[in-house]
Colleague: 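One structure follows; several queries about it will come next.
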Amino acid sequence: MPAEVLGHATLGALFRYWDRQRNERAMPARRDIDPIEMGPKLLPHLMLCELADRGHRIRFRLVGTFLVKRLGYDPTGQWLADLPRSDYLDFLAKMLRQTYTESAPFFAASSFRWGVKGRLDAQHLMLPLTTGGGEPSMVLIGIAYASHEVFPPQIRVLDSLARHSGGARELVDFAPPDWPESKSVKIA
């Protein structure tokens with residue numbers, strides 16, 4: 001896990017919560033995740049995605065209020081295939097499928113660039129959840145955005161205005177209870 005993620009107020013807190021809830025299992029069950037325990041500081045930055053058909057179909061079960069504002073629309077309850085095509089959503093889908101395949105936490109960074117200096121960076125922490133089986137059926141996602149602009153455009157606008165590119169992608173391989181000393185594996 002990159003140090004900037006563990007040190008990040010939102011993503012680090014989310015990872016520590018997920019790690020506690022898994023209780024030395026490979027991943028926690030969906031029923032182990034309690035929004036009240038997470039608190040109001042985390043919830044606006046979270047997505048909960050359902051993975052159907054072995055990760056090939058994705059449905060947005062919950063999208064936090066901050067993410068809805070950043071996206072410029074609310075995809076809650078919708079299947080990815082029913083939403084307008086987006087490089088950013090394609091990137092998220094690829095990362096969700098990777099999380100399903102690896103059945104492990106996954107970190108991914110991406111950015112939007114527009115004009116001469118316009119830039120919006122995103123850090124995504126993908127945390128698998130099970131609903132009873134051994135493979136993930138849901139993914140809890142924490143997303144943090146950063147920009148030098150006070151009010152960067154919403155992603156629905158950036159999809160047509162900017163160029164989106166994926167950056168760092170890392171699979172987290174760790175041994176309980178030593179999560180701060182976990183090792184990351186960069187994915188090409």
Side-chain angles (χ1 to χ4, degrees), residues 1-2 4-23 25-52 55 57-80 83 86 88-100 102-112 120-131 136-147 152 154-156 158 164 166-172 174 179:
M1 184 67 64
E4 67 268 15
V5 173
L6 290 176
H8 190 278
T10 301
L11 300 181
L14 178 62
F15 182 79
R16 288 186 290 277
Y17 174 79
W18 177 89
D19 190 47
R20 278 191 313 273
Q21 298 308 102
R22 74 185 181 93
N23 197 21
R25 296 171 288 173
M27 69 190 87
R30 166 60 186 99
R31 69 180 174 275
D32 298 327
I33 304 302
D34 183 355
I36 294 172
E37 279 184 357
M38 281 193 246
K41 290 186 179 182
L42 284 181
L43 292 177
H45 304 274
L46 302 181
M47 278 187 192
L48 183 62
C49 293
E50 175 184 346
L51 304 175
R57 290 182 356 123
I58 297 164
R59 182 168 63 160
F60 296 93
R61 297 285 298 265
L62 170 83
V63 182
T65 55
F66 177 79
L67 300 181
V68 168
K69 287 178 187 175
R70 174 66 20 233
L71 288 169
Y73 59 93
D74 187 356
T76 301
Q78 297 183 52
W79 291 94
L80 177 65
L83 295 172
S86 159
Y88 182 66
L89 291 180
D90 290 348
F91 172 79
L92 279 179
K94 188 175 183 180
M95 298 308 103
L96 286 163
R97 290 181 184 111
Q98 185 76 38
T99 305
Y100 175 86
E102 301 293 342
S103 296
F106 197 80
F107 168 77
S110 69
S111 65
F112 287 93
L120 175 68
D121 295 319
Q123 294 180 319
H124 310 82
L125 180 59
M126 314 275 185
L127 302 168
L129 304 171
T130 182
T131 53
S137 55
M138 301 187 101
V139 176
L140 180 62
I141 308 169
I143 305 177
Y145 296 101
S147 179
Q154 294 174 320
I155 289 174
R156 69 178 172 84
L158 290 174
H164 178 262
R169 299 183 318 169
E170 298 183 27
L171 172 68
V172 179
F174 59 96
W179 68 265

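None of these values were measured; they are calculated from a predicted model. Note that the numbering runs from 1 along the sequence shown for the chain.
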Colleague: Do you know the tightest heavy-atom contact between Ala108 and Phe91?
Modeller: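 Taking every non-hydrogen atom into account, CB-CZ, 3.8 Å.
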Colleague: With side-chain contact (heavy atoms from CB on, under 4.5 Å) as the criterion, how do His8 and Leu14 come out once you've worked through the C-alpha distance, each side chain's angles and the decisive distance to 0.1 Å?
Modeller: CA-CA 10 Å; His8 190 278; Leu14 178 62; over 6 Å; no
Colleague: I need the Leu80 CG to Cys49 SG distance, nearest 0.5 Å.
Modeller: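 Rounded to the nearest 0.5 Å, the CG-SG separation comes out at 8.5 Å.
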Colleague: To the closest 0.5 Å, what do you measure between CZ (Arg25) and CE (Met27)?
Modeller: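 Reported to 0.5 Å precision, the distance equals 10.0 Å.
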Colleague: To the closest 0.5 Å, what do you measure between CG (Leu62) and CE (Met47)?
Modeller: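 It is 9.5 Å, given to the nearest 0.5 Å.
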Colleague: How close do Val63 and Pro75 get, counting heavy atoms only, and between which atoms?
Modeller: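 Here Val63 and Pro75 meet closest at CG2-CG, 3.7 Å.
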Colleague: Quick one: does Val139's side chain get under 4.5 Å of Tyr100's, heavy atoms only?
Modeller: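 They are not in side-chain contact.
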Colleague: Kindly give the heavy-atom pair with the smallest separation between Pro128 and Ser103, and that separation in Å.
Modeller: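 In terms of heavy atoms, the two residues are closest at CG-C, 4.0 Å.
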Colleague: Enter the distance from Leu51:CG to Arg61:CZ here, rounded to the nearest 0.5 Å.
Modeller: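 Leu51 CG to Arg61 CZ: 11.0 Å, rounded to 0.5 Å.
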Colleague: For a quick test of reading the model, state the closest non-hydrogen atom pair linking Gly55 to Ile58 and the distance between them.
Modeller: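 Looking at all heavy atoms of both residues, the closest pair is O-CG1, 4.1 Å.
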Colleague: Just so I know, are the side chains of Arg30 and Ser137 near enough to count as touching, which here means a heavy-atom distance under 4.5 Å?
Modeller: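 Not touching, per the 4.5 Å side-chain cut-off.
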Colleague: Report the distance from atom CZ of Phe106 to atom CG of Leu125, rounding to the nearest 0.5 Å.
Modeller: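 Interatomic distance, Phe106 CZ to Leu125 CG, rounded to 0.5 Å: 11.0 Å.
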Colleague: Pair up each side-chain donor or acceptor in residues 64-71 with any protein partner under 3.5 Å, not counting sequence neighbours, and list the distances.
Modeller:
unit_1, atom_1, unit_2, atom_2, d
Arg70, NH1, Pro152, O, 3.4
Arg70, NH1, Pro153, O, 2.8

Colleague: If you compare all heavy atoms of Asp74 against all heavy atoms of Gln78, which two are closest, and at what distance to 0.1 Å?
Modeller: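 Reported closest heavy-atom pair: O-NE2, 3.3 Å.
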Colleague: I need the minimum non-hydrogen distance between Ile33 and Leu129, along with the two atoms involved.
Modeller: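 Closest pair (atom of Ile33, atom of Leu129, distance): CG1-CD2, 3.7 Å.
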Colleague: Using 30° and 60° as the class limits, which term best fits the ring planes of His124 and Tyr88: parallel, tilted or perpendicular?
Modeller: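 Tilted, since the angle between the ring planes falls between 30° and 60°.
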Colleague: Quick one: CG on Leu120 to NE2 on His164, what's the gap to the nearest 0.5 Å?
Modeller: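 It is 8.5 Å, given to the nearest 0.5 Å.
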Colleague: Determine which pairs satisfy side-chain hydrogen bond (donor to acceptor under 3.5 Å, both in side chains) with at least one residue from residues 37-48, sequence neighbours left out, and list them in order.
Modeller: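 Sorted result for residues 37-48: Tyr17-Glu37.
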